[in-house]
Amino acid sequence: MGKDKKDEQLDQFRRQNAGKPMTDVNGQKVSNDMKTLRAGKRGPLLMQDFHFYKKQSHFNRERIPEKVVHARGFGVHGVFEATESLKDYTMAKFLEPGKQTPVFVRFSNFVGNRGSKDTAVDIRGFATKFYTEEGNYDMLALQFPVFILADAMKFMDVTHAAKPEPRQHMPQATVAHDNFWDYVISNPESAHMVMWLMSMRGRPRSWRMMEGYPVNTFRFINESGKSTFVRFIWKPKLGVHSLMLDEANIIGGVDPDFHRRDIVEAIESGAFPEYELCVQLIDEEDEFKYDFDILDDTKLWPQEEVPPKVVGKMTLNRTMDNFFAENEQSAFNPANLVPGIEFTNDPVLQGRSFAYRDTELHRHHSANYEELPINRPISDVNHNLRDSYLKYPIEEDNVHFHNNTQAEGSPYEVPAEEGGYENYPGEVEGHVTREHPSESFQDYYSQARMFWNSLSMPEKQDLIESFSFHVGSVKNKSIRQKTVEMFGNVDTDFATMLAENIGVEPPQEGHVDCEKSSPALSILNMPHSAETSRVAVLIGNGFDGEEVQQVLATLMDVKAKVDIVSETLAPVKGKDGTELTPTQTFLTVHPTLYDSVYVVGGKAKNQMKFDQGIMDFFKMQYMHMKPIAVSADAEKYVVKTDDNNMDGVVLASGNAEFAQQYVDALAMKRFWDRT
């Protein structure tokens, strides 16, 4: 894989210590890095042990403040290639067909701290830094198309409400507590996003199977100065797929790094995650055409009304070299724009343009954080900014002010026609006010109901369960009751079922009058593929080698991640002499970590424990509606009754199409009609 311009730039900052003599930070060679300097064998440590002081004092300062939100994150590198012309809408050069742009993408969780779990029910960040020839462009997305607030003034409030309560600092990385739901019932514009958060969308199976929505409204500006409103969408090649609630909770304990491990394994195996970039476009003259305000971030633009246009593809193809230097020091800012993309008067976007830079100034204690290698543009950087902590470049200029004669006015301004950024001359009028931009901002429930109407029955059942889990953890009965009343505005039946589950009265009022739906919002309508599925092969000695080899070959064709799970890590042998080396044991993995199991069975030293391990896997996979393949020699583990329809269980016995049928079942992901 060739290097792109960002990779080449990073080369000058990469270094390795292996194979070289140890030195202090000042270059002095070290003779002893194991023992401190003492006054006699049993004496105290001496202050003159400068090597210990340097080593320990640096260690004491290794951490920097974690982000207030999106603290738990993980980054990967890739490339974006534009495929469709947007010349009629924008002059952004990185969107010209055929143009390839290096990117760095950071996936993150909103609520939890840096040490929390990947699989929490949470708002996820999908931040992309485009290293364009015109400077860095940062696109900050969430996995939902809507935000929890309509005005930036509430950033602090919703964060304080969602974070652990201040006395015991619990619970961590969850909104299943009183403070969050007190915020929800007190701020009804949160209803729409809370519906998304509690749905399957709040528990992605993988970052590779998660959409990304920069929830703000931007402008495209073309070379003629014409403005078009735009929202962006990242659509994953593999479709959108999710974890069930108890799966997410279990995986959070079994493997807190589940999502980052998943993307690293995919990239290292060559199954590079791919996403299409789509744009939704609204002409300036159509700003007030819809029954929603296009500046309201608590509202989505229905894809049936504003169809997404695919304009490019992003491929994530390289992992980080150093987590701290790249992930922790990366900084994103929605105000990092390029010519052809401009702000609108979106109230949340206006606030974000201040908040992101300010928080990074605090985290890095320096105005120079954009000089760090991961944040550095690949384009030329020339300015009159000076000094601050940890200044890296040695500026040789004698003059560092604009309008000078000594440097002939340089660095000089660049006219818009030569690539200089120029703000759109939008008309501004009116009185200073704190009012919402329009009355429709206060329509809190219509689109939340549209979301409910758009869900399939399994998604609705899952949503009720998720609400019941989270609101059921609220201690204050009044808050639980008011939550039911609030979401009664979304759907009366939904709120009534929730009320029964959490021990309060059903809603008194009926839901809003909205029967609209959007098929694009249902996960069941997303692309389904067997590619990169994670499969556990449960196997012992004496297996049918021909059958197993055929299944493994078919799984390899779809780039499945296969673990051979057995009693121990010692090789297992088939009847025909085929030998396989296990990669995991029943002790080291858990059933929830896999999309499917292939039950082969066999003989083991402790047959009872081996059989129990297989049954535990089978039962949990069956309960979670996942596809299961069963070898001809393992049907004893399958107990069919009148209550179990075995939907999605593929049997090998007498089945010449066994391997292919299994892969077809893998593509289905879940069998929601299973009993």
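Side chains included, hydrogens not; waters and symmetry mates left out as well; all remaining heavy atoms used.
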Check whether [X] reaches the backbone of [Y] with its side chain - one donor and one acceptor, N or O, closer than 3.5 Å.
X	Y	result
Asn345	Leu295	no
Asn375	Leu372	no
Ser379	Glu134	no
Ser269	Ala266	yes

Do Arg352 and Asp346 meet the salt-bridge criterion of a basic N to acidic O distance under 4.0 Å?
no
Salt-bridged, Glu81 to Lys313, with N to O below 4.0 Å?
no
Do [X] and [Y] make a side-chain contact, defined as non-hydrogen atoms from C-beta onward lying under 4.5 Å apart?
X	Y	result
Leu337	Tyr137	yes
Ser242	Ile523	yes
Glu370	Asn336	yes
Arg376	Glu371	yes
Leu300	Trp196	yes
Trp234	Met139	yes
His77	Ile374	yes
Thr217	Trp301	yes

Counting heavy atoms not belonging to [X], are there more than 12 under 6.0 Å from its [atom1]?
X	atom1	result
Lys5	NZ	no
Gln329	CD	yes
Lys29	NZ	no

Measuring centre to centre across the rings, with the benzene-like ring taken for any Trp, is Phe126 within less than 6.0 Å of Phe107?
yes
If the condition is salt bridge (charged side-chain N to carboxylate O under 4.0 Å, His left out), which residues does [X] pass it with, not counting sequence neighbours?
X	result
Glu165	Arg167
Asp24	Lys54
Asp138	Lys129

How long is the span from the CG atom in Leu277 to the OG1 atom in Thr83, to the nearest 0.5 Å?
8.5 Å
Could you grab the distance from atom CD of Gln406 to atom CD of Glu408, nearest 0.5 Å is fine?
11.5 Å
By the salt bridge (Lys or Arg N to Asp or Glu O under 4.0 Å) test, which pairs, at least two apart or in different chains, include something from residues 328-341?
Arg114-Glu328
Minimum heavy-atom separation for [X] to [Y], with atom names?
X	Y	value
Gly351	Phe155	C-CE1, 4.0 Å
Ala367	Ser388	N-OG, 3.0 Å
Leu197	Val175	CD2-CG2, 4.2 Å
Pro334	Phe343	O-CE2, 3.5 Å
Ile267	Pro273	CG1-CD, 3.7 Å
Gly225	Tyr424	O-CE1, 3.5 Å

Ring pair (Phe, Tyr, Trp, His ring centres under 6.0 Å) partner of Phe232, chosen from Tyr275, Tyr213, Phe220, Phe130:
Phe220
Stepwise salt bridge (Lys or Arg N to Asp or Glu O under 4.0 Å) check, Arg357 with Glu360
CA-CA 5 Å; Arg357 178 170 176 80; Glu360 295 301 344; over 6 Å; no
For [X], check ring pair (Phe, Tyr, Trp, His ring centres under 6.0 Å) against everything at least two apart and list the hits.
X	value
His241	His528
His364	Tyr369
His365	His362

Please output the side-chain donor-acceptor pairs of residues 410-421 that fall under 3.5 Å, not counting sequence neighbours, one pair per line with the distance.
{"residue": "Ser410", "atom": "OG", "partner": "Ala407", "partner atom": "O", "Å": "2.7"}
{"residue": "Tyr421", "atom": "OH", "partner": "Ile341", "partner atom": "O", "Å": "2.6"}
{"residue": "Tyr421", "atom": "OH", "partner": "Glu342", "partner atom": "OE1", "Å": "3.3"}

List, one per line, each side-chain donor-acceptor pair under 3.5 Å for residues 140-152, sequence neighbours excluded.
{"residue": "Gln143", "atom": "OE1", "partner": "Arg124", "partner atom": "N", "Å": "2.5"}
{"residue": "Gln143", "atom": "NE2", "partner": "Asp122", "partner atom": "O", "Å": "2.9"}
{"residue": "Gln143", "atom": "NE2", "partner": "Arg201", "partner atom": "O", "Å": "3.3"}
{"residue": "Asp151", "atom": "OD1", "partner": "Met153", "partner atom": "N", "Å": "2.9"}

Listed partners of Asp4 passing side-chain contact (heavy atoms from CB on, under 4.5 Å), at least two apart:
Lys6, Asp7, Pro102
Mind checking what makes side-chain contact (heavy atoms from CB on, under 4.5 Å) contact with Pro164, not counting sequence neighbours?
His169, Gln172
Donor + acceptor pair across side chains of Asp118, Asn109 (<3.5 Å)
no
Going by atom types only, do Asn384 and Arg386 share a side-chain donor-acceptor pair under 3.5 Å?
no
Can you list the steps and then say if Arg208 with Thr532 is a side chain to side chain contact (heavy atoms under 4.5 Å, CB included)?
CA-CA 10 Å; Arg208 301 178 294 116; Thr532 72; 2.8 Å; yes
Taking distance alone, no hydrogens or angles, what donor-acceptor pairs closer than 3.5 Å link side-chain atoms of residues 86-94 to residues at least two apart or in another chain?
{"residue": "Thr90", "atom": "OG1", "partner": "Ala92", "partner atom": "N", "Å": "3.1"}
{"residue": "Thr90", "atom": "OG1", "partner": "Gly340", "partner atom": "O", "Å": "2.8"}

In terms of relative ring orientation, are His70 and Phe110 parallel, tilted or perpendicular, with 30° and 60° separating the classes?
perpendicular
Identify the residue among Asp595, Asp563, Asp262, Asp255 that makes a salt bridge (charged side-chain N to carboxylate O under 4.0 Å, His left out) with Arg534.
Asp563
Of Arg260, Glu66, His259, Lys67, which meets side chain to side chain contact (heavy atoms under 4.5 Å, CB included) against Arg72?
Arg260
